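Working notes, structure below.
These numbers were taken from a predicted model, which means no experiment stands behind them. To find a chain, count down the sequence lines: A is the first, B the second, and so on, and within it residues start at 1.
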2 protein chains.
Amino acid sequence: MPINMSDLKQRFQERQYKLTPQRQIVLQAFVDHPEKHLSAEDVHNILRQQSSEIGLATVYRTLELLSDMDVLQKMDFGDGRSRYEINEENSEHHHHHLICLSCGKVKEFEDDLLETLENVIARKSNFKIVDHQVKFYGYCDECQNKCAD
Amino acid sequence: MPINMSDLKQRFQERQYKLTPQRQIVLQAFVDHPEKHLSAEDVHNILRQQSSEIGLATVYRTLELLSDMDVLQKMDFGDGRSRYEINEENSEHHHHHLICLSCGKVKEFEDDLLETLENVIARKSNFKIVDHQVKFYGYCDECQNKCAD
DNA sequence: CTTAGTGCAAAACCTTTGCAACTCT
DNA sequence: AGAGTTGCAAAGGTTTTGCACTAAG
């Protein structure tokens with residue numbers, strides 16, 4: 001269960017934020033599109049298509065707010081816009097992103113090995129790590145077959 | 001030795017690029033500022049300060065060109081602009097970036113452990129990895145001491 | 001009711017592009 | 001000489017902001 005609704009309500013209350021319909025439908029867009037990395041415009045389009053009118057500025061403000069609350073995670077794939085995905089709170093299992101340099105698709109890869117690395121870093125450089133983001137660039141299965149680049 | 005000048009000349013010739021003074025001073029800015037992650041504007045300012053006039057558009061075009069040539073590596077630290085650093089060709093030893101969530105400083109950490117992970121991924125998901133970028137978010141030594149956040 | 005949130009349009013940024021002038025090779 | 005390069009200004013695209021209006025708690 002990715003999102004706990006009652007817990008969410010509480011986290012809004014704590015900060016005296018209001019749980020408006022706009023904020024709910026933005027979050028719903030991410031629930032409806034798992035494994036996607038939606039940009040602000042993506043979210044805006046999804047909501048317009050389902051006749052849930054919302055201003056683009058509100059989308060931006062909501063994405064920032066949800067990121068600050070650690071409900072979403074902001075990320076960058078080098079395509080000139082920020083993208084977001086739901087932040088799994090049981091962050092026991094991290095996943096990494098495999099970005100294909102040929103077709104641009106982004107795949108995910110489950111892995112926990114980085115915990116080890118985090119510990120090494122914490123010890124060696126006295127840096128208290130709270131999160132990480134890993135991107136691998138390469139060529140996906142399909143593109144490798146198309147042409148041996 | 002980070003940059004081999006005669007090798008560089010050759011790589012320009014191969015692609016019929018010209019080794020103009022502008023391109024040289026942009027690259028020089030990175031040589032003069034190791035361990036920094038310069039943005040286009042950073043480079044522009046550095047060059048203006050040393051009275052090496054250059055157009056900002058040229059800086060952008062040069063940074064893109066040098067990235068395509070793998071002389072520089074483009075990266076994103078989430079501050080709304082692209083940053084670049086010299087791409088060590090003896091890429092035997094990778095380094096990761098430790099980004100402090102409090103003061104924003106970026107430290108580097110040398111490490112090779114990720115090779116292992118790359119092999120695991122290549123086997124499991126049939127993805128041919130050619131590069132990776134790892135960012136760790138947390139709190140640096142100084143900021144940990146200032147306040148226990 | 002009171003405070004926070006929304007929508008719109010304008011502004012702010014970073015980055016790219018068209019084009020005439022220029023310069024490496 | 002000729003192809004590639006520069007600089008400037010304008011355009012493009014994403015994100016932020018000011019402000020009057022609206023709605024959640």
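- If you take CD1 of I54(B) and P of dT6(D), they are 7 Å apart, rounded to a whole angstrom.
- Out of dT16(C), dT5(D), dT15(D), the shortest distance to the side chain of R81(A) is found at dT15(D).
- Here the side chain of A40(A) is nearest to one of dC24(C), dT17(C), dT15(D), namely dT15(D).
- Put simply, R23(A) has no side-chain N or O that comes within less than 4.0 Å of OP1 or OP2 on dA24(D).
- OP1 and OP2 of dT16(C) both lie 4.0 Å or more from every side-chain N or O belonging to Y60(B).
- Checking N119(B) against T116(B) by side-chain atom types alone, no donor-acceptor pair falls below 3.5 Å.
- At whole-Å resolution of the value, CZ in R48(B) and P in dC8(D) are 8 Å apart.
- Counting only heavy atoms from C-beta on, L19(B) has its side chain closest to dT25(C) among dT25(C), dT14(D), dT15(C).
- Q13(A) comes within contact range of no nucleotide atom at all, as no heavy-atom separation falls under 4.0 Å.
- Of the listed nucleotides (dC14(C), dT14(D), dA9(C)), dC14(C) has the atom at the smallest distance from the side chain of E41(B).
- Minimum atom distance to the side chain of T58(B) is reached by dT6(D), of the listed dT14(D), dT6(D), dT6(C).
- A donor-acceptor contact shorter than 3.5 Å links the side chain of R23(A) to the backbone of K18(A).
- Side-chain atoms of K135(A) come within 3.5 Å of backbone atoms of D76(A) as a donor-acceptor pair (strictly under, hydrogens ignored).
- Between H96(A) and F109(A), the ring planes lie parallel to each other; the angle is under 30°, not in the 30° to 60° tilted range.
- Separating the CE atom of M75(A) from the P atom of dT14(D) is a distance of 19 Å, rounded to the nearest angstrom.
- Checking dA3(D), dG7(D), dT6(C) against every side-chain atom of Q22(A), the shortest atom distance belongs to dT6(C).
- When distances run from any side-chain atom of L56(A) to the nucleotides dC14(C), dG5(C), dT15(D), the shortest one goes to dT15(D).
- Summarising the geometry, the separation between CD on Q16(A) and P on dG25(D) is reported as 12 Å, rounded to the nearest angstrom.
- We find that CD1 of I25(A) is positioned 13 Å from C1' of dG5(C), with the value rounded to whole Å.
- Among the nucleotides dT17(C), dA24(D), dT15(C), the one closest to any side-chain atom of T20(A) is dA24(D).
- Rounded to an integer number of Å, the gap from D79(B) CG to dC14(C) P is 9 Å.
- Between A57(B) and K18(A), the residue anchored nearer the 5' end of DNA chain C, judged by the nucleotide with its closest heavy atom, is K18(A).
- Rounded to whole Å, the distance from CG on D42(B) to P on dT15(C) is 11 Å.
- Taking 4.0 angstrom as the limit, S82(A) places a side-chain polar atom (N or O) nearer than this to OP1 or OP2 of dT15(D).
- In the interface, the side chain of R61(A) is paired with the base of dG7(C) through a donor and an acceptor atom under 3.5 Å apart.
- Of the charged side-chain nitrogens involved, none lies within less than 4.0 Å of a carboxylate oxygen, so that K36(A) and E85(A) do not count as a salt-bridged pair.
- Just one of Q133(A), R83(A), H37(A) meets the side chain to side chain contact (heavy atoms under 4.5 Å, CB included) condition when paired with Q73(A); it is Q133(A).
- In this structure, CD of E14(B) is placed 15 Å from P of dT25(C), rounded to the nearest angstrom.
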